[in-house]
Amino acid sequence: MQAGFFKYAMVRSLLLLAGIGWLTGARAQSEMTIARTVVSLTASDQALLPGQQLKLTASIAMDDGGEVPGGSIEFIDESNHRLLGRTSTDAPWIVLHRLSDGSHAFRARYSGLQSYFPFVIEPSTSAPVVYTVRSVPRVVISSSQNPSVPGQAVTLTVAVKSRDGTPKGDVTIRDVALDSVLADRVMLDSNGTASFTTSGLEQGSRTIVASYHGDAKNASAVSTQLMQIVSSTHMHGERPSH
C-alpha cells in the first residue's frame, strides 16, 4: 500500500528542493509536507433485522487518489457515542452483532500518520452512514365466529403490535390449505389493526394466516396459524372460539 504514497512524497520532495525557500540545511529540516486524506464508509446491507450481522467497510485514500502507507481506523456509532471497534488500513472493516433496534449513524475515523517526517498524513473522517435496525412485530389473527357454517359471515381481524410505536402499512390474509388469497393489502388503521369480512369460506378445516408487509421501522412478519372450522354441523348459537 506504500507505493502510491511514496510516489506522491517523491514528487513533493522534488518540488520543495527546487524552491527558492531552501536557504540552509537547518531550514530544510523544519519544512513539512501535509498530505490530505479522504475516507468513505459503506454497509453490507440496506436493511437489517435484530440478531443479524452488519459489515462496515472503510476506504481510505490520499486526496490525489494514492494509497495511504498505514494507520488505524475507528468505527463509531454517533447515535449513542459508542466506539464500535478499531482496526488497521490492512483490514479496514468490522462485523457488528446484535445491534439494538432503531436508527444508527456510523462513521469511520482515520488516524493519520506522523512517522514519515517531513511528510505528515492528515487524519480524516467519513460522512455518516445512517442505518435503521427494524423491529420484528407480533402479528395475531382472530375470527369473529369459530366454528362457523358455510355461507356465514366471518370477520377476520389482524392486530400488529411492535415495540417501536404503532405499525403502519397493510396485511394480506391467506387460506394456506387452499393456497388462496382471501384479502390482499388490507390497510392497518391508527391502532395497527385490519379487518376483513367474508362469507365465502369453504367447508372444512381452514388454515388462515396474515402476512404484514412492514414499514420504515418494522420488518415484515407472519402471524401464527388460525384454524377456522367451517362445518354445516355447527349451529350459529354455539359459543365462538378463536
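Just so you know, residue 1 is the first one in the sequence shown, and it goes up from there.
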Trainee: Heavy atoms, side chains only, cut-off 4.5 Å: are Val181 and Ile173 in contact?
Mentor: no
Trainee: Using a 3.5 Å cut-off and no angle test, enumerate the donor-acceptor pairs between side-chain atoms of residues 196-204 and protein atoms at least two apart in sequence or in another chain.
Mentor:
from: Thr197; atom 1: OG1; to: Thr155; atom 2: OG1; distance (Å): 2.8
from: Thr198; atom 1: OG1; to: Gly200; atom 2: N; distance (Å): 3.0

Trainee: With Asn80, which residues qualify under side-chain hydrogen bond (donor to acceptor under 3.5 Å, both in side chains), at least two apart?
Mentor: none
Trainee: How close do Leu113 and Pro69 get, heavy atom to heavy atom, and via which atoms?
Mentor: CD1-CG, 3.7 Å
Trainee: Just so I know, are the side chains of Met227 and Ser205 near enough to count as touching, which here means a heavy-atom distance under 4.5 Å?
Mentor: yes
Trainee: Considering only residues two or more places apart or on different chains, which pairs with a residue in residues 83-115 satisfy ring-ring contact (aromatic ring centres under 6.0 Å, His included)?
Mentor: His104-Phe106
Trainee: For a side-chain hydrogen bond (donor to acceptor under 3.5 Å, both in side chains) check, start with the C-alpha distance between Ser143 and Gln228, then their side-chain angles and the critical distance, and finish with the verdict.
Mentor: CA-CA 8 Å; Ser143 170; Gln228 176 76 30; 2.8 Å; yes
Trainee: Report yes if some heavy atom in the side chain of Ile208 is under 4.5 Å from a heavy atom in the side chain of Leu182; otherwise report no.
Mentor: yes
Trainee: Side-chain heavy atoms under 4.5 Å apart, restricted to Ile/Leu/Val/Met/Phe/Trp/Tyr: what other residues fall into the cluster of Ile76, or is it alone?
Mentor: Leu83
Trainee: Got more than 12 heavy atoms from elsewhere within 6.0 Å of CZ, Arg174?
Mentor: yes
Trainee: How long is the straight-line distance from CZ of Arg206 back to CG of Leu156, given to the nearest 0.5 Å?
Mentor: 12.0 Å
Trainee: Do Val38 and Ile60 have side chains that approach each other closer than 4.5 Å (heavy atoms only, starting at C-beta)?
Mentor: no
Trainee: What residues, two or more places apart in sequence or in another chain, satisfy side-chain hydrogen bond (donor to acceptor under 3.5 Å, both in side chains) together with Ser40?
Mentor: none
Trainee: Under a 4.5 Å cut-off applied to non-hydrogen side-chain atoms, are Ser231 and Val149 in contact?
Mentor: no
Trainee: To the nearest 0.5 angstrom, please state how far the OG atom of Ser135 sits from the NZ atom of Lys161.
Mentor: 14.5 Å
Trainee: Is it the case that Thr207 and Gln225 place a side-chain donor and acceptor less than 3.5 Å from each other?
Mentor: no
Trainee: Could you state the interatomic distance from CG (Leu54) to CG (Leu99), rounded to the nearest 0.5 Å?
Mentor: 6.0 Å
Trainee: Tell me if a side-chain donor or acceptor on Thr37 pairs with a main-chain N or O of Glu122 at a distance below 3.5 Å.
Mentor: yes
Trainee: Are more than 12 heavy atoms from other residues, nucleotides or ligands located less than 6.0 Å from atom CD of Gln114?
Mentor: no
Trainee: Taking the side chain as every heavy atom from C-beta outward, state whether Val129 and Thr42 have any pair of such atoms under 4.5 Å apart.
Mentor: no
Trainee: Side-chain donor-acceptor pair under 3.5 Å between Asp184 and Thr172, yes or no?
Mentor: yes
Trainee: Taking C-beta and beyond as the side chain, do Asn146 and Leu226 meet within less than 4.5 Å on heavy atoms?
Mentor: yes
Trainee: Ala216: which residues meet the side chain to side chain contact (heavy atoms under 4.5 Å, CB included) condition with it, sequence neighbours left out?
Mentor: none
Trainee: Supply the atom-to-atom distance Lys168 NZ to Tyr212 OH, rounded to the nearest 0.5 angstrom.
Mentor: 10.0 Å
Trainee: Please assess Arg82 against Asp77 for the test salt bridge (charged side-chain N to carboxylate O under 4.0 Å, His left out), listing each intermediate value before the final yes or no.
Mentor: CA-CA 5 Å; Arg82 178 187 173 197; Asp77 186 348; 5.7 Å; no
Trainee: Hey, does the side chain of Ser126 reach the backbone of Ala108 with a donor-acceptor pair shorter than 3.5 angstrom?
Mentor: yes
Trainee: For the pair Asp101 and Arg134, find out whether any cationic side-chain nitrogen is under 4.0 Å from an anionic carboxylate oxygen.
Mentor: no
Trainee: Compare every heavy atom of Leu56 with every heavy atom of Ala43, then report the nearest pair and how far apart it is.
Mentor: CB-CD2, 4.0 Å
Trainee: Side-chain heavy atoms under 4.5 Å apart, restricted to Ile/Leu/Val/Met/Phe/Trp/Tyr: what other residues fall into the cluster of Val222, or is it alone?
Mentor: Val176, Val209
Trainee: Look at the side chain of Ser162 and the backbone N and O of Thr166, then say whether any donor-acceptor pair between them is shorter than 3.5 Å.
Mentor: no
Trainee: At their closest point, which heavy atom of Val133 faces which heavy atom of Ser100, and how far apart are they?
Mentor: CB-O, 3.5 Å
Trainee: Which residues pass the side-chain hydrogen bond (donor to acceptor under 3.5 Å, both in side chains) test with Glu78, sequence neighbours left out?
Mentor: Arg107
Trainee: Distance check, rounded to the nearest 0.5 Å: Glu67 atom CD versus Thr89 atom OG1?
Mentor: 9.5 Å
Trainee: Side-chain polar contacts of residues 186-194 - donor-acceptor pairs under 3.5 angstrom, sequence neighbours left out - could you list them?
Mentor:
from: Asp189; atom 1: OD1; to: Asn191; atom 2: N; distance (Å): 2.9
from: Asp189; atom 1: OD1; to: Gly192; atom 2: N; distance (Å): 3.2
from: Asp189; atom 1: OD1; to: Thr193; atom 2: N; distance (Å): 2.9

Trainee: Under the rule for side-chain hydrogen bond (donor to acceptor under 3.5 Å, both in side chains), what residues qualify as partners of Thr57, not counting sequence neighbours?
Mentor: none
Trainee: Please list, chain by chain and in numerical order, all residues satisfying side chain to side chain contact (heavy atoms under 4.5 Å, CB included) with Ser111, sequence neighbours excluded.
Mentor: Ser72
Trainee: Considering all heavy atoms of both residues, which atom of Pro92 and which atom of Ile73 are nearest to each other, and what is their separation?
Mentor: CB-CD1, 3.5 Å
Trainee: At what distance, to the nearest 0.5 angstrom, does CG of Leu84 lie from CG of Leu96?
Mentor: 5.5 Å
Trainee: Does Ser223 use its side chain to pair, donor to acceptor, with the backbone of Ala210 at less than 3.5 Å?
Mentor: yes
Trainee: With Lys217, which residues qualify under side chain to side chain contact (heavy atoms under 4.5 Å, CB included), at least two apart?
Mentor: Asp164, Asp215
